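Since we're looking at a predicted model, the values are computed, not measured. For reference, positions follow the sequence shown, starting with 1.
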Amino acid sequence: MLQAQGLNAIAVQNPLTSLEDDVTFTNRVVNAQSGPVVLVGHSWGGSVITQAGGHDKVKALVYVAAFAPSLNAAPVVDTKDFPTPPGFAHFIADADGYLTLPADAIARDFAQDVSAEEANLIHATQGAVRGANFEQPVTVAAWTSKPSWYIVAAQDRMIDPGAQRALAKKIGATTTVLPTSHVPMVSDPESVAKVIVAAARAAAK
């Protein structure tokens, strides 16, 4: 749909090894673009776009069931006063502190509203994220100076939906609530695309 709207969509393959590494990879993609950029971040990726969004080419931010930390704060700060989501109990940590979810947790808590085939694909292709990432404070909070959109996943079992609503309010985002799991871009891609297109068109004005 984004291509049909005349927008060029590029997925950043974040290594998930640290905030700094992910921001470096994101900036590499942003630097390669000739026009204005809208950064879209899902889950942990919200921290990445919060930091990388300070780039001059970035004109807007879209948070999809994502963290949106404040300046000099780690993403966990905004969620600590909300209920611990059910999916957190099922993370598997390896010897180096990288986290993954087993297949049954993906199907039950991460992507409970997609097909079994899609859930299996998510499990097979998931990247292991360094657990310490969630304790890393951002040194830039781009949402303080750039327009933001936030998609709240109302049936999320990985980031509490109440916490998501609070984050959206904190950053002053244009907010859309979808009745989805943690992966609205998979279970309701058209609705997510509409939000991204709206952000892109607003940024182009």
Side-chain angles (χ1 to χ4, degrees), residues 12 14-30 37-91 93 96-101 109-110 127-154 156-177 182-185 195-196 199 203:
V12 179
N14 286 327
L16 307 177
T17 47
S18 70
L19 176 63
E20 295 84 1
D21 290 347
D22 287 0
V23 169
T24 295
F25 270 65
T26 301
N27 282 337
R28 188 176 299 155
V29 173
V30 172
V37 173
V38 175
L39 287 182
V40 182
H42 169 249
S43 196
W44 156 250
S47 291
V48 179
I49 69 169
T50 296
Q51 179 93 12
H55 196 295
D56 289 343
K57 287 185 179 180
V58 176
K59 305 304 179 184
L61 308 168
V62 179
Y63 293 83
V64 182
F67 296 103
S70 298
L71 183 64
N72 297 321
V76 293
V77 170
D78 287 307
T79 59
K80 63 182 177 61
D81 293 330
F82 291 87
T84 300
F88 264 57
H90 305 290
F91 275 121
D96 296 314
Y98 283 80
L99 307 176
T100 56
L101 284 171
D109 296 317
F110 193 89
V129 60
R130 190 179 70 125
N133 287 5
F134 299 99
E135 302 287 345
Q136 285 197 265
V138 296
T139 57
V140 175
W143 55 262
T144 62
S145 60
K146 298 183 180 182
S148 300
W149 281 252
Y150 197 108
I151 296 173
V152 173
D156 202 323
R157 294 170 64 84
M158 298 303 302
I159 300 178
D160 181 76
Q164 293 182 40
R165 289 183 172 91
L167 286 166
K169 182 178 180 180
K170 180 190 77 171
I171 68 175
T174 300
T175 303
T176 299
V177 180
H182 190 53
V183 289
M185 62 284 190
V195 173
I196 297 171

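Between Ala153 and Ala65, the shortest heavy-atom distance links the atoms CB-CB, 4.0 Å. Across all non-hydrogen atoms, the minimal contact from Trp44 to Pro75 is CZ3-CG, 4.2 Å. Closest heavy-atom contact between Thr175 and Ala168: OG1-CB, 3.4 Å. Residue Tyr63 comes nearest to Gly46 through the heavy atom pair CE2-O, 3.4 Å, listed as atom of the first residue, atom of the second, then distance.
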Steps toward side chain to side chain contact (heavy atoms under 4.5 Å, CB included) verdict (Asn133, Gln136): CA-CA 5 Å; Asn133 287 5; Gln136 285 197 265; 3.7 Å; yes
For Leu167 and Ile171, what are the C-alpha separation, side-chain angles and deciding distance, and is it a side chain to side chain contact (heavy atoms under 4.5 Å, CB included)? CA-CA 6 Å; Leu167 286 166; Ile171 68 175; 5.7 Å; no
Test side chain to side chain contact (heavy atoms under 4.5 Å, CB included) applied to Thr50 and Phe67, step by step: CA-CA 9 Å; Thr50 296; Phe67 296 103; over 6 Å; no
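With rounding to the nearest 0.5 angstrom, the CG atom of Asp78 is 12.5 Å from the CG atom of Asp160. How far CG of Asp156 is from CG of Asp109: 10.0 Å, rounded to the nearest 0.5 Å. Taken from OG1 in Thr174 to CD1 in Ile151, the straight-line distance is 11.5 Å, to the nearest 0.5 Å. Residue Phe110 holds its CZ atom at 13.5 Å from CZ of Arg157, rounded to the nearest 0.5 Å. A distance of 11.0 Å separates CG of Leu19 from CZ of Phe134, quoted to the nearest 0.5 Å. Of the inter-residue distances, the one linking Arg130 atom CZ with Leu16 atom CG reads 11.0 Å to the nearest 0.5 angstrom.
The one candidate from Val23, Asp56, Leu39 that meets the side chain to side chain contact (heavy atoms under 4.5 Å, CB included) condition with Val30 is Leu39. For the side chain to side chain contact (heavy atoms under 4.5 Å, CB included) criterion with Thr26, the lone passing option out of Val12, Val37, Val58 is Val12.
Within 6.0 Å of atom NZ in Lys170, more than 12 heavy atoms from other residues, nucleotides or ligands are found, so the atom counts as buried in its surroundings.
When atom types are taken as modelled, the side chain of Asp96 and the backbone of Tyr98 share no donor-acceptor pair closer than 3.5 angstrom. Proximity of a side-chain donor or acceptor of His182 to a complementary backbone N or O of His42 within less than 3.5 Å is not detected.
Sorted by first then second residue, the side chain to side chain donor-acceptor pair (under 3.5 Å) pairs that include residues 137-154, not counting sequence neighbours, are Gln51-Thr139.
Side-chain contact between Thr100 and Phe91: absent, with no pair of heavy atoms (C-beta onward) separated by less than 4.5 Å.
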